[in-house]
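Written below as structure tokens is the structure these notes are about.
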Amino acid sequence: MKSAVETLNPTRVRLTVEVPFEELKDSLDAAYKKINQQVTVKGFRKGKIPARVIDQRFGRGAVLEEAVNDALPKFYTEAVNEGELNVLGQPEVDITELKDGELLAFTAEVDIRPALEIPDYSGIEVEVDAVEVSDEDIDKSVEQLRERFASTSPVERAAQDGDVLTLDLEAKVDGEVLEDGVAQGVSYTVGSGELLDGIDEAVKGVEAGGSATFTSELKGGSAQGKEAEVKVDVTAVAARELPELDDDFAQLASEFDTLDELKADSSKRLAQMKKYDQATQAQEKVLDELLKLVEVPIPEKLLADEIETRKHNLVNHQLGQMGLDLAKYLEIQGKTEEEFDAETKEQAEKGIKTQFILDELVNKEKLNVSQEELTEHLMRRAQSSGMSPDQFAQAVVEGGQVPMLVGEVARGKALAVVVEAATVKDTNGEVVDLDDEDETAETVQAESEGTDEAAAEEKNEG
């Protein structure tokens with residue numbers, strides 16, 4: 001077999017392959033055997049029909065077609081390996097010559113990963129928020145804990161902000177009560193902004209036993225998106241009572257004996273959260289600076305597939321779970337379809353560039369992924385997916401996604417190398433020491449979300 005590679009552009013090549021006919025012998029034998037099992041000829045036992053009889057009865061062309069279809073993937077893969085190509089997706093194959101007994105020639109156009117030059121990235125400098133915990137932050141944290149331990153008691157007065165009401169609801173559209181538009185005994189906190197738009201204004205000032213009517217656009221159900229007339233009956237009004245902020249509260253709500261100890265622990269926890277946020281911010285900003293340093297040509301089909309994958313995931317998974325369609329989502333976001341398409345394309349390009357650059361860094365820095373690192377990453381992904389580690393691992397193995405997870409971990413390690421080499425300062429001008437970057441892979445995953453799925457067909461054989 002002879003092969004040659006012609007570069008069409010930085011992300012696409014054309015392979016020209018010539019195969020001497022004798023190299024098709026195994027595929028021709030397999031073709032005759034396959035046809036033998038599929039046909040019957042009077043006078044011959046099934047599977048024992050001579051090749052000349054098959055040629056006479058069914059035509060040599062049918063045999064050659066079967067043989068070529070069997071042989072093409074093997075010769076294409078050999079040509080790819082010979083050319084040391086990193087191909088993306090499936091090739092477009094064109095048989096240019098087929099001379100029985102002499103020669104098979106074909107061309108294959110396929111996208112490839114572009115060759116990238118990673119420049120010195122040690123000069124990258126970024127600024128991140130300083131880790132500062134204010135008294136206001138601590139007070140807010142303690143107040144949120146206090147809210148969790150609030151109690152309620154019935155009151156004989158009109159409802160007001162913060163009260164917990166028990167409600168019966170009935171929704172009508174065009175004068176007809178909806179089958180799924182009736183609910184009883186609903187607990188609702190006035191001012192929470194939950195349930196339906198307009199409900200807070202309707203129930204304020206209403207006592208137990210009173211009613212109100214208002215109109216609202218339904219957020220879900222059979223009449224989603226339609227204007228409904230909603231009748232609300234207030235069956236009970238209860239005031240929320242917050243516990244006193246003292247040592248007794250600290251003992252009730254935590255393992256600490258005093259309020260001061262509780263506040264000190266809140267301060268420590270908030271600092272840890274801000275430190276994590278700071279590390280995430282550093283990773284994102286360093287990645288943005290790295291992307292500016294490298295020119296990355298993107299295969300058109302890969303970009304189109306990535307855009308389609310992102311749209312599909314948004315519409316069929318995220319929006320579907322919220323009971324929204326794309327038009328409603330765009331209305332809520334205040335975006336036009338053109339703006340949405342432009343943003344999706346920009347995000348897709350960034351995801352692909354991120355993956356290409358970090359994969360190149362993995363090779364350049366000779367980074368490997370240990371079993372322990374892969375297991376830790378799998379545990380985190382399982383947690384975020386809502387599956388048990390065993391269920392997630394089984395799904396990954398059955399779906400052939402282990403290489404994808406390995407790639408995610410490796411790219412996370414590559415980004416960590418760049419972050420370590422960069423200079424990170426906070427808004428106070430202090431150099432930030434980012435020692436523990438266990439979650440770097442998640443930052444990379446967020447940037448390149450969908451890219452692995454769009455490139456799932458990346459392989460060296462067709």
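Below, each value reflects all heavy atoms present in this structure, side chains not excepted, and no hydrogens, waters or symmetry copies.
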- Query: Partners of Lys425 by salt bridge (charged side-chain N to carboxylate O under 4.0 Å, His left out), sequence neighbours excluded?
  - Reply: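 Residues passing salt bridge (charged side-chain N to carboxylate O under 4.0 Å, His left out) with Lys425: none at all.
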Let me have the donor-acceptor pairs involving side chains of residues 323-332, under 3.5 Å, with sequence neighbours excluded, atom names and distances please.
from, atom 1, to, atom 2, distance (Å)
Asp325, OD1, Ala327, N, 3.4
Asp325, OD1, Lys328, N, 2.8
Lys328, NZ, Glu217, OE2, 2.4

Under 3.5 Å, is there a donor-acceptor pair linking the side chains of [X] and [Y]?
X	Y	answer
Asp137	Ser134	yes
Asp390	Ser388	no
Asp111	Thr11	no
Gln347	Glu343	no

Not counting sequence neighbours, which residues clear side-chain contact (heavy atoms from CB on, under 4.5 Å) with [X]? List them please.
X	value
Ala202	Ala212, Phe214
Glu132	Ala130, Asn428
Ala410	Val362, Val369
Thr336	Glu338, Glu339

- How far apart are the C-alpha atoms of Leu405 and Val396, what are their side-chain angles, what is the distance that settles it, and do they pass the side-chain contact (heavy atoms from CB on, under 4.5 Å) test? CA-CA 8 Å; Leu405 283 188; Val396 166; 3.8 Å; yes
All side chain to side chain donor-acceptor pair (under 3.5 Å) counterparts of [X], not counting sequence neighbours:
X	answer
Lys204	Asp161
Lys366	none
Thr344	none
Glu109	Arg12, Arg14

- Message: If you define the side chain from C-beta out and look only at heavy atoms, does anything of Glu147 sit under 4.5 Å from Arg240?
- Response: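 Answer yes - side chains close enough.
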Under 3.5 Å, side-chain donor or acceptor atoms of residues 191-200 against the rest of the protein: list the pairs with distances, not counting sequence neighbours.
from, atom 1, to, atom 2, distance (Å)
Ser192, OG, Thr189, O, 2.9
Ser192, OG, Glu194, N, 3.4
Asp200, OD1, Tyr188, OH, 2.6
Asp200, OD1, Gly191, N, 2.9
Asp200, OD2, Tyr188, OH, 3.3

- Item | Polar side-chain atom of Ser254 near backbone of Gln251 as donor-acceptor pair, under 3.5 Å |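 No, Ser254 side chain to Gln251 backbone: no donor-acceptor pair under 3.5 Å.
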- Query: Quick one: does Glu349's side chain have a donor or acceptor within less than 3.5 Å of a partner on Glu346's backbone?
  - Reply: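 Checking the backbone N and O of Glu346 against the side chain of Glu349, no donor-acceptor pair under 3.5 Å is found.
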- Message: Apply side-chain hydrogen bond (donor to acceptor under 3.5 Å, both in side chains) to residues Ser211 and Asp233 and explain how you reach the verdict.
- Response: CA-CA 4 Å; Ser211 300; Asp233 296 324; 2.5 Å; yes
- Query: To the nearest 0.5 Å, what is the distance between OG1 (Thr213) and NZ (Lys172)?
  - Reply: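 It comes to 8.5 Å.
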Identify all side-chain donor-acceptor contacts of residues 149-157 below 3.5 Å with residues at least two apart in sequence or on another chain.
from, atom 1, to, atom 2, distance (Å)
Ser153, OG, Glu241, OE2, 2.9
Arg157, NH1, Asp163, OD2, 2.7
Arg157, NH2, Asp163, OD1, 3.1

